[in-house]
Amino acid sequence: MKVNHHYFEIQDSYLFATVGKKTAEYKKAHPDKDVIRLSIGDVTRPLAPAVIEAMHRAVDDMSRKETFHGYGPDQTCYGYGALIESIKGSYAKKGVFLETEEVFISDGAKSDLGNILELFAEDTVALIPDPVYPAYVDANVMSGRKVIYQDANEGNGFLPMPDESVHADLIYLCSPNNPTGAAYSKEQLKAWVEYAKRHDAVILYDAAYEYFIRDESLARSIYQVEGAKECAVEICSYSKTAGFTGVRCGYTIVPQALVRDGHSLNKMWARRQSTKFNGVSYITQMGAAVVFSEEGEKQIGENLNYYRNNAKIIADCMDRLGIWYTGGKHSPYIWFKCPGGMDSWTFFDLLLENANVVGTPGSGFGKNGEGYFRLTAFGTEENTREACRRLEAFLSSMK
Ligand code: PLP
């Protein structure tokens, strides 16, 4: 019996394990030091009160014979009408109109970013940006697919644009981006949509951070670009939008207009989901269904503003220090160039020892991340301010 040997082609991810190990070692050696972690990619603010109330109501529903819910509705791959309608409503506010059958409820973005690959032949080629959220690469390698990379760097503002001389079948785009925080404009995405159509390719658009965007010229959905429904799947999540990292809920849009090789990808995905997925819990879906209500949006907006304010504190610090960076404005991530041409891990060690601040070395996200560093806005305001004060004092002393 043979196992899937592609699993042995995946590179071991030492990034967060090494960050954790080095931080723990430092704390052990210096128990009196107050170490601040701005490396976390997880949210820290609690769920919005409207979500909690809706989930409580859903729990009560489950306690009564008349309102009990078992498996979700078959016709919509187990997504409840209230949730699907609220997602359609949220898209409509962005000028994007969806059919009920195009919205698939998921347990978060990560599963579908990998699972969607099942719809495509194994010899399709995936184009992935470097640096990148590591799950895209690993899911493709596990499935035996060839991966080619598109360079994101200072020259293109970490927003790579299509190269006509390169052919790809699947194109991963993430905007606002993790780890770089850079966000594509609608104009830039138009070029990607045109490229995808010319190459008969499909864009897998990860919009997990779209709720951080506040500038009209930036895309909150790839479907804000004309013709995108014919070439893109959009994968979204309540994780960063509404603090659902521990609750687990997201949604994937597979348009009916998306046809490849003569087949509807929407029908194929519906078939895949009804075979291999049994839906997200009723309680979770009812909580998610109020996120885009007037009250819900107001409340999640308060949490988002809290993180945005932290991001601004870090971005302002970079501005004062004259350090080149992306992100921080439409994203909870700030991606900056290590001072003095230092490599990412050298800077990590120096920052930990001299400022007692932990961030994430950019080299862990791909070769183009070498020499860069990621800080996140998911900490407390107090810690963020203090970390920036220390960072500034440390870097000023180096000048
Ligand atoms: N996509 C990106 C770019 C992410 O950064 C993350 C999580 O950090 C995910 C997807 C996964 O999100 P979810 O919690 O919805 O699985």
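In what follows, every heavy atom counts, from backbone to side chain, and hydrogens, waters and symmetry copies are set aside. Everything quoted here is computed from the prediction, not taken from an experiment. Counting starts at 1 for both ligands and their atoms, following the listed order.
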* Okay, side chain of R374, backbone of G359: is any donor-acceptor separation there less than 3.5 Å? -> no
* Consider only side-chain N and O atoms of Q150 and Y172, and report whether a donor and an acceptor are under 3.5 Å apart. => no
* To do: Number the atoms of ligand 1 from 1 as they appear, then name those within less than 4.0 Å of a heavy atom of C174, with their elements.
  => 3 (C)
* Structure fact -> One finds that the ligand 1 atoms under 4.0 Å from a non-hydrogen atom of D206 are 1 (N), 2 (C), 3 (C), 10 (C)
* To do: Please say whether S111 places an N or O atom under 3.5 Å from an N or O atom belonging to ligand 1.
  => no
* Could you pull out, from Y136, Y133, F244, the option with a heavy atom nearest to atom 11 (C) of ligand 1? => Y133
* To do: Could you establish whether Y238 and ligand 1 come within less than 4.0 Å of each other, counting only heavy atoms on the residue side?
  => no
* Structure fact -> Note: A109, heavy atoms under 4.0 Å from ligand 1, region reported as both
* Grab the two heavy atoms, one from R308 and one from I213, that are nearest each other, plus how far apart they are. => NH2-O, 4.4 Å
* Side chains of D319 and Y325: is there a donor and an acceptor less than 3.5 Å apart? -> yes
* **For atom 16 (O) of ligand 1, closest protein heavy-atom neighbour** => R248 NH2, 2.7 Å
* **Top protein contact for atom 8 (O) of ligand 1, by heavy-atom distance** => K240 NZ, 2.8 Å
* Structure fact -> Here the atoms of ligand 1 under 4.0 Å from any heavy atom belonging to S237 are 13 (P), 15 (O)
* When F336 is tested against each of Y372, W324, F347 for ring pair (Phe, Tyr, Trp, His ring centres under 6.0 Å), which residue passes? -> F347
* Asked: Going by heavy atoms, is G250 under 4.0 Å from ligand 1?
  -> no
* Asked: Can I116 be reached from V147 by stepping across I, L, V, M, F, W or Y side chains whose heavy atoms are under 4.5 Å apart?
  -> yes
* To do: Indicate whether the side chain of Y136 and that of D206 have a donor and an acceptor atom separated by less than 3.5 Å.
  => yes
* Residue pair E102 / Y223, side-chain donor-acceptor N/O under 3.5 Å -> no
* Asked: Between the candidates A207, S175, S239, A135, which shows the shortest non-hydrogen contact distance to atom 14 (O) of ligand 1?
  -> S239
